[in-house]
Structures are given as structure tokens and as C-alpha cells.
Amino acid sequence: MNSIKNLKRIHRIHKLIQSECTGTPLELSSRFNISERLVYHLIEQLKDFEAPVSYDRSRRTYYYKKAFDLEVDICVKVLNHEKITHLLV
């Protein structure tokens, strides 16, 4: 379930980056109650999605160098044995 938590965190960070009000990595880690290292990891994951993320030291915030949007949809379905059998027949 850490993957789902991290996707939710990435989405929240994305919204803060769009607003250009993330604060420093340390402040962001405090806001999310996670380690600063995990903040850097989540930012790297955003970059893996080709997000043009940059950091402005004078404004103390992450921002997007150009327009970028991210939509996160999470769907989990739990199937019991009867439904699985039914789907496979």
C-alpha cells in the first residue's frame, strides 16, 4: 500500500507545485510528516513522469518551468474466489 500512499503524496505535491507554495524540501517533509529524503524521491518520480520541475531558492518553492498537469486515479477491486471463477469461465 506504500505505492498508493506515494501516488497520493505525489498528487498533493503536484498541487502545491502548481500553486508555487511548496516551501523548502525540509518544510515540505514536515508538512507531509515524511523524511526529506522521501520528498526528493517523490520529486524525482514526478520528473520520471516528465514533469518540468525546478526549484527556486530565492522564493523557496518548487515550480513548473512550463505548463504541466497530472491526474491520479486509483481504483482497487477486491474479488472473492466465486467472482474470479465466474470471470474466468
Side-chain angles (χ1 to χ4, degrees):
M1 290 304 195
N2 270 346
S3 296
I4 293 173
K5 278 185 185 179
N6 283 343
L7 282 173
K8 288 179 180 180
R9 288 174 178 146
I10 288 171
H11 188 255
R12 287 177 57 204
I13 289 172
H14 162 68
K15 291 298 184 186
L16 291 172
I17 292 172
Q18 279 186 317
S19 301
E20 297 186 5
C21 63
T22 62
T24 65
L26 183 59
E27 291 167 340
L28 196 53
S29 70
S30 179
R31 180 184 287 186
F32 283 31
N33 198 28
I34 59 176
S35 70
E36 191 173 354
R37 180 177 177 185
L38 183 53
V39 167
Y40 289 118
H41 177 72
L42 295 171
I43 295 294
E44 285 303 314
Q45 285 185 330
L46 266 172
K47 289 179 180 180
D48 288 345
F49 295 136
E50 298 183 13
V53 179
S54 194
Y55 184 76
D56 186 324
R57 289 181 186 207
S58 64
R59 293 186 299 147
R60 298 168 42 134
T61 188
Y62 286 97
Y63 67 96
Y64 290 123
K65 293 184 247 183
K66 60 182 181 181
F68 178 80
D69 201 9
L70 176 72
E71 185 176 320
V72 177
D73 293 321
I74 301 170
C75 178
V76 178
K77 293 182 182 181
V78 178
L79 303 174
N80 65 30
H81 182 68
E82 291 170 7
K83 287 184 182 178
I84 292 173
T85 303
H86 179 68
L87 289 173
L88 295 176
V89 173

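Counting from 1, the numbers follow the sequence of the chain as shown. Computed from heavy atoms alone, side chains included, the values below leave out hydrogens, waters and symmetry copies.
Looking at residues two or more places apart in sequence or on another chain, you find a salt bridge (Lys or Arg N to Asp or Glu O under 4.0 Å) between Arg60 and Glu27. Here Asn33 pairs with nothing under the side chain to side chain contact (heavy atoms under 4.5 Å, CB included) rule; sequence neighbours left out.
Between His14 and Tyr64, the ring planes are tilted. Angles from 30° to 60° get that label.
Within 6.0 Å of NZ in Lys8 there are 12 or fewer heavy atoms belonging to other residues, nucleotides or ligands.
Clustering ILVMFWY residues whenever any of their side-chain heavy atoms sit less than 4.5 angstrom apart, transitively, puts Val39 in the very cluster that holds Leu70. Linking ILVMFWY side-chain heavy atoms closer than 4.5 Å, directly or via other members, places Phe68 and Leu16 in a single hydrophobic cluster.
Using a 4.5 Å heavy-atom threshold, the side chains of Tyr62 and Ser54 count as separate. Between Ser3 and Asn6, every side-chain heavy-atom pair lies at or beyond the 4.5 Å cut-off. Contact annotation: the side chain of Gln18 approaches that of Asp69 to within less than 4.5 Å [non-hydrogen atoms, C-beta and beyond]. In this structure, the side chains of Phe32 and Ile13 come closer than 4.5 Å at one or more pairs of heavy atoms.
Remark: Leu46 CG to His11 NE2 distance equals 10.5 Å, nearest 0.5 Å. Atom OG in Ser29 sits 13.5 Å away from atom CZ in Arg37 (nearest 0.5 Å). Ser19 contributes atom OG, which lies 16.0 Å from atom OH of Tyr63 (distance to the nearest 0.5 angstrom). Distance CG/Leu38 to NZ/Lys5: 10.5 Å, rounded to 0.5 Å.
The minimum heavy-atom distance linking Gly23 with Tyr55 is given by the pair O-CE1, 3.9 Å.
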Evaluation steps, side-chain contact (heavy atoms from CB on, under 4.5 Å), between Val53 and Glu44:
CA-CA 9 Å; Val53 179; Glu44 285 303 314; over 6 Å; no
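Of the listed residues (Val72, Leu42, Ile43), just one forms a side chain to side chain contact (heavy atoms under 4.5 Å, CB included) with Ile10, and that residue is Leu42.
Side-chain contact annotation: Thr22 with Thr61, donor-acceptor N/O pair under 3.5 Å present.
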